[in-house]
Colleague: 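The following block contains the structure, expressed as structure tokens.
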Amino acid sequence: MKVTIVGAGNVGATCADVISYRGIASEVVLLDIKEGFAEGKAMDIMQCATTTGFNTRVSGSTNDYSKTANSDVVVITSGIPRKPGMTREELIGINAGIVKTVAENVLQHSPNAIIVVVSNPMDTMTYLTLKATGIPKNRIIGMGGALDSSRFKYYLSKALDRPSNDVQGMVIGGHGDTTMIPLTRLASYNGSPVSDFLSQEQLEKVAADTMVGGATLTGLLGTSAWYAPGASVAYLVDSILNDQKKIIACSVYLEGEYGQSDICIGVPCIIGKNGIEKIVDIKLNDTEKALFAKSADAVRSMNADLKSVLV
Ligand SMILES: NC(=O)C1=CN([C@@H]2O[C@H](COP(=O)(O)OP(=O)(O)OC[C@H]3O[C@@H](n4cnc5c(N)ncnc54)[C@H](O)[C@@H]3O)[C@@H](O)[C@H]2O)C=CC1
Ligand SMILES: O=C([O-])CC(=O)C(=O)O
């Protein structure tokens, strides 16, 4: 199975690294516009093969899309990341043009690929990719919810002082500082509701920390995060390539589900060899429904800014 990652920067290269050492794909092509950069990242990763013991072939390409031909999955991580103090939404001006061109280029060489969109603002970039390429909606997946959910479980585990892997939880809605919806009511610790162990005040803090999880890291690092983002993309790609049918919150095109249409936004999905195999209808309460509608309004108003790119 072949995976192409366009944008060999922090997130793209980390994703290639995780995919190779976990043996998720047999071949990974990293492509970047910067001369020699993807080749260098690929060589560095390949020099881990004997020490971490993997057999995936990782190669790099400077903007030569012929090397990406016949990819099963293409991940788009090209574009600029935010700096401290910025929102993801502020990246739209530069990233929309990049994502549209990249999506068109990759499809010329891999017309049947499933596309995973990572570049921010991710929900709007996912919508742009769908509208610009016209490929079926099951093959366009925005990655945000996997990462936001892993941060949610991290903050829950810290509050519980128990391992993250004993915690279940999901974040739906937009992948933005104010649009994410950590589903605290449904989160659990080894099968029991987390509210059995944490106070309302603690749960509200966990939700608030989760929502600004990306901004917190951007403040600490000076650019946005990459280890958890790269690993989250690899987790999603694993579920596609190995047909795992995991339920993962992904940004997908809605046509009436969750009361929304003509929008890409995070909802729980079954992810398998066909990409989005099913949108899972979890029963939200009235408060959660209202938050979801508000989140969708914000994402939709961002999508309106795509008019000049989508002509
Ligand atoms: N959806 C999510 O959960 C997350 C999204 N992101 C987003 O992912 C994107 C990448 O972030 P980083 O890897 O940290 O940035 P980075 O700056 O380290 O890497 C971006 C790479 O894209 C390349 N690039 C730019 N234009 C290109 C083009 N036309 N074709 C090919 N390559 C091109 C650059 O040369 C650079 O190497 C950002 O937009 C960031 O906001 C980051 C983390 C999580
Ligand atoms: O925070 C950012 O800008 C990058 C991102 O989407 C994340 O790490 O969640």
Side-chain angles (χ1 to χ4, degrees), residues 4-17 29-42 60-65 67-68 74-106 116-126 128-129 141-152 154 171 173-180 182 209-236 248-251 264-266:
T4 284
I5 302 170
V6 183
N10 286 335
V11 179
T14 305
C15 177
D17 195 30
V29 177
L30 273 168
L31 183 145
D32 204 282
I33 203 163
K34 260 189 266 171
E35 187 69 41
F37 189 63
E39 288 86 340
K41 290 284 178 113
S61 162
T62 303
N63 228 24
D64 176 2
Y65 281 84
K67 301 211 169 118
T68 70
V74 174
V75 177
I76 303 182
T77 49
S78 46
I80 55 163
R82 63 173 157 169
K83 297 230 173 315
M86 290 173 75
T87 65
R88 295 175 181 87
E89 286 76 8
E90 287 174 68
L91 306 173
I92 189 172
I94 293 177
N95 286 355
I98 294 175
V99 169
K100 181 168 181 266
T101 310
V102 166
E104 288 165 351
N105 285 339
V106 291
V116 176
V117 180
V118 182
S119 310
N120 275 316
M122 182 277 294
D123 299 289
T124 297
M125 295 301 101
T126 307
L128 166 65
T129 304
I141 311 176
M143 196 296 294
L147 172 63
D148 302 332
S149 301
S150 73
R151 288 187 178 139
F152 184 34
Y154 162 81
V171 177
H175 179 62
D177 296 344
T178 56
T179 56
M180 272 174 224
D209 286 347
T210 302
M211 291 174 76
V212 295
T216 300
L217 286 161
T218 304
L220 292 168
L221 298 167
T223 183
S224 57
W226 57 90
Y227 293 114
S232 301
V233 181
Y235 176 78
L236 181 58
I248 303 176
C250 294
S251 186
C264 292
I265 189 166

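First listed ligand is number 1; within each ligand, the first listed atom is number 1. The residues of the chain are indexed from 1 along the displayed sequence.
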Colleague: To the nearest 0.1 Å, how far is atom 42 (C) of ligand 1 from its closest protein heavy atom, and which atom is that?
Modeller: Val11 CG2, 3.7 Å
Colleague: Among all protein non-hydrogen atoms, which one is nearest to atom 17 (O) of ligand 1, and what is the separation to 0.1 Å?
Modeller: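 The protein heavy atom lying closest is Pro81 CD, 3.5 Å.
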Colleague: Against ligand 1, does Phe37 come closer than 4.0 Å with any heavy atom?
Modeller: yes
Colleague: Which residue and non-hydrogen atom of the protein lie closest to atom 1 (O) of ligand 2, and at what distance in Å?
Modeller: Arg82 NH2, 2.8 Å
Colleague: Side chain or backbone, does Ser119 bring an N or O within less than 3.5 Å of an N or O on ligand 1?
Modeller: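 No; every N/O pair is 3.5 Å or more apart.
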Colleague: For Asn120, take its heavy atoms, then give the atoms of ligand 1 lying under 4.0 Å from any of them.
Modeller: 4 (C), 5 (C), 6 (N), 7 (C), 39 (O), 40 (C), 41 (O)
Colleague: Among Thr77, Val6, Asn63, which one has a heavy atom closest to atom 10 (C) of ligand 1?
Modeller: Thr77
Colleague: Counting each atom of ligand 1 from 1 as listed, which ones have a heavy atom of Leu147 under 4.0 Å away?
Modeller: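 Listed by number with element, the hits are 3 (O), 44 (C).
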Colleague: Side chain, backbone, both or neither: which part of Ser78 comes within less than 4.0 Å of ligand 1 when only heavy atoms are counted?
Modeller: both
Colleague: Any idea which of Pro81, Ser224, Gly213, Pro121 brings a heavy atom closest to atom 4 (C) of ligand 2?
Modeller: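 Of the listed residues, Ser224 has the closest heavy atom.
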Colleague: Please indicate whether any nitrogen or oxygen in Met143 is less than 3.5 Å from any nitrogen or oxygen in ligand 1.
Modeller: yes
Colleague: When only distance counts, is Asp32 in polar contact with ligand 1, meaning an N/O pair under 3.5 Å?
Modeller: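 N/O-N/O distance under 3.5 Å: yes.
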Colleague: Looking only at distances, can you tell me whether any N or O atom of Arg88, backbone or side chain, sits closer than 3.5 Å to an N or O atom of ligand 2?
Modeller: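 Indeed, backbone or side chain, Arg88 has an N or O that close.
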Colleague: Does at least one non-hydrogen atom of Ile80 fall below 4.0 angstrom from an atom of ligand 1?
Modeller: yes
Colleague: Any idea which protein heavy atom is nearest atom 6 (O) of ligand 2, and the distance to it?
Modeller: His175 NE2, 2.6 Å
Colleague: So is Thr223 in contact with ligand 1, going by heavy-atom distances below 4.0 Å?
Modeller: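 False for this residue.
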Colleague: Which residue owns the protein heavy atom closest to atom 8 (O) of ligand 2, what's the atom, and how far is it?
Modeller: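 Closest protein heavy atom to atom 8 (O) of ligand 2: Arg151 NH2, 2.8 Å.
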Colleague: Are any of the heavy atoms in Arg88 under 4.0 Å away from ligand 1?
Modeller: no
Colleague: Against heavy atoms of Pro229, which atoms of ligand 1 measure under 4.0 Å?
Modeller: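 Result: 43 (C), 44 (C).
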Colleague: Can you pull out the closest protein heavy atom to atom 5 (C) of ligand 1? Residue, atom name and distance to 0.1 Å, please.
Modeller: Val118 O, 3.0 Å
Colleague: So if I count the atoms of ligand 1 from 1 in the order they appear, which ones are less than 4.0 Å from some heavy atom of Asn95?
Modeller: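 Answer for ligand 1: 39 (O).
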Colleague: Report, in ascending order of atom number, the atoms of ligand 2 lying under 4.0 Å from any heavy atom of Leu147.
Modeller: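 Checking each atom against Leu147, I get 7 (C), 8 (O), 9 (O).
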Colleague: Give the atom numbers and elements of ligand 1 that come within less than 4.0 Å of a heavy atom of Ile98.
Modeller: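 The list of qualifying atoms is 26 (N), 27 (C), 28 (C), 29 (N).
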Colleague: Among Gly9, Ser232, Gly79, which one has a heavy atom closest to atom 22 (O) of ligand 1?
Modeller: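 Among Gly9, Ser232, Gly79, the closest heavy atom to atom 22 (O) of ligand 1 belongs to Gly79.
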Colleague: Which option out of His175, Met122, Glu35 puts a heavy atom nearest to atom 2 (C) of ligand 1?
Modeller: His175
Colleague: Can you list every pair that meets side-chain hydrogen bond (donor to acceptor under 3.5 Å, both in side chains) and has a residue in residues 209-229, with sequence neighbours left out?
Modeller: Lys205-Asp209
